[in-house]
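Worksheet for the structure shown next.
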Amino acid sequence: MIAVKRLGLTGGIAAGKSEAARLFVQRGIPVIDMDQLSRELLDTDKRLQNQVIESLGTSFLTEGKIDRLKLKNLVFSDPQKKKLLESLIHPKVREQFEVLAQKEGTRGHKLVLCEAALLIESGYGKTLDGLVVVLAPEELRKSRLKTRDQLSDELIERIFQSQVSDQERIQAANYIIQNDSKIQTLSHQVEALLALWKHEGLL
């Protein structure tokens, strides 16, 4: 089994990290989506579901099932509830990520990307071997949230306030991708990073 390097891939909400992740996958780099793992755990892990309901109540349930939009509205209106939810979910997601990363090593991959929105905020990014940060202007990100996710202005503001600033992201970053223009530009930056990682012996 190859020793796998684990790089974080992060950015503020709607900065375009998922689009960057898609481009990396197209080029053969394994990307493990921590947000997707969280959603799957909330949908399938009965013990976790019960812990969330016991801790946060039932106001976010729809027909007895967790409604993620209601849950998002609840936790982003109450920092303590957000912190509590993360304390329940994050350890399970990280454990699953480490298992999946090692599996990629058995398949011959030297590098795995850990895609997640809160790598810096949670401190988990410091446990990885480096951090790729995707940046985009705030107004562009807000516009994307309105059209893509149809979130209210109030919820968008709460989400932005809960995340670190771009300046903090830049300070934490080992590599930076700018996503404020065309997909071709983003693609070129991904290619440039791959060339750099090959030079650094990561690929």
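- For residues 145-159, the set of pairs meeting the salt bridge (Lys or Arg N to Asp or Glu O under 4.0 Å) definition, not counting sequence neighbours, comprises Lys142-Glu157, Lys146-Asp153, Glu154-Arg158.
- Considering only residues two or more places apart in sequence or on other chains, Ser165 meets the side chain to side chain donor-acceptor pair (under 3.5 Å) condition with Glu168.
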Scan the side chains in residues 85-92 for donor-acceptor partners under 3.5 Å anywhere in the protein, sequence neighbours excluded, and list what turns up.
from, atom 1, to, atom 2, distance (Å)
Glu86, OE2, Lys82, NZ, 2.7
Ser87, OG, Leu84, O, 2.6

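- Here the side chain of Ser55 pairs no donor or acceptor atom with the backbone of Val52 at under 3.5 angstrom.
- Formation of a donor-acceptor pair under 3.5 Å by the Gln163 side chain with backbone atoms of Ile13 is found in this model.
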Please set out all donor-acceptor pairs under 3.5 angstrom arising from side-chain atoms of residues 126-136, sequence neighbours excluded.
from, atom 1, to, atom 2, distance (Å)
Thr127, OG1, Tyr124, O, 2.7
Asp129, OD2, Arg6, N, 2.8

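- With hydrogens and angles ignored, the 3.5 Å screen pairs a side-chain donor or acceptor of Gln49 with a backbone N or O of Leu42.
- Lys83 meets the side-chain contact (heavy atoms from CB on, under 4.5 Å) test with no other residue; sequence neighbours excluded.
- The stretch residues 36-68 participates, sequence neighbours left out, in no ring-ring contact (aromatic ring centres under 6.0 Å, His included) pair at all.
- Leu100 is not connected to Leu7 by any chain of hydrophobic side-chain contacts under 4.5 Å among Ile, Leu, Val, Met, Phe, Trp and Tyr, and they are in different clusters.
- Side-chain contact between Asn179 and Leu140 is absent, with no heavy-atom pair separated by less than 4.5 Å.
- Looking only at distances, a side-chain donor or acceptor of Ser152 sits under 3.5 Å from a matching main-chain atom of Leu155.
- Among residues at least two apart or in separate chains, side chain to side chain donor-acceptor pair (under 3.5 Å) pairs with a member in residues 19-46 are Lys17-Asp35, Glu19-Arg22, Arg27-Ser187, Arg27-Glu191, Gln36-Arg39, Gln36-Glu40, Asp43-Arg68.
- For the residue pair Ile156 and Leu145, the shortest heavy atom distance occurs at CD1-CB, 3.8 Å.
- Hydrophobic cluster membership of Val99, counting Ile, Leu, Val, Met, Phe, Trp and Tyr whose side-chain heavy atoms lie under 4.5 Å apart directly or via other members: none, as it forms a cluster of its own.
- Note on Leu113: it does not cluster hydrophobically with Leu118, by side-chain heavy-atom contacts below 4.5 Å among ILVMFWY residues.
- A ring-ring contact (aromatic ring centres under 6.0 Å, His included) check over residues 128-150, counting only residues at least two apart or in different chains, returns nothing.
- By the side chain to side chain donor-acceptor pair (under 3.5 Å) test, Lys198 is found to be paired with no residue, residues two or more places apart in sequence or in another chain being considered.
- Partners of Gln189 by side chain to side chain donor-acceptor pair (under 3.5 Å), not counting sequence neighbours: none found.
- Note on Glu138 versus Arg141: no salt bridge recorded, every NZ/NE/NH1/NH2 to OD/OE distance being 4.0 Å or above.
- A ring-ring contact (aromatic ring centres under 6.0 Å, His included) check over residues 158-191, counting only residues at least two apart or in different chains, returns the pairs Tyr175-Trp197.
- Linking ILVMFWY residues whenever their side-chain heavy atoms come closer than 4.5 Å, directly or via other members, places Leu23 and Ile177 in the same cluster.
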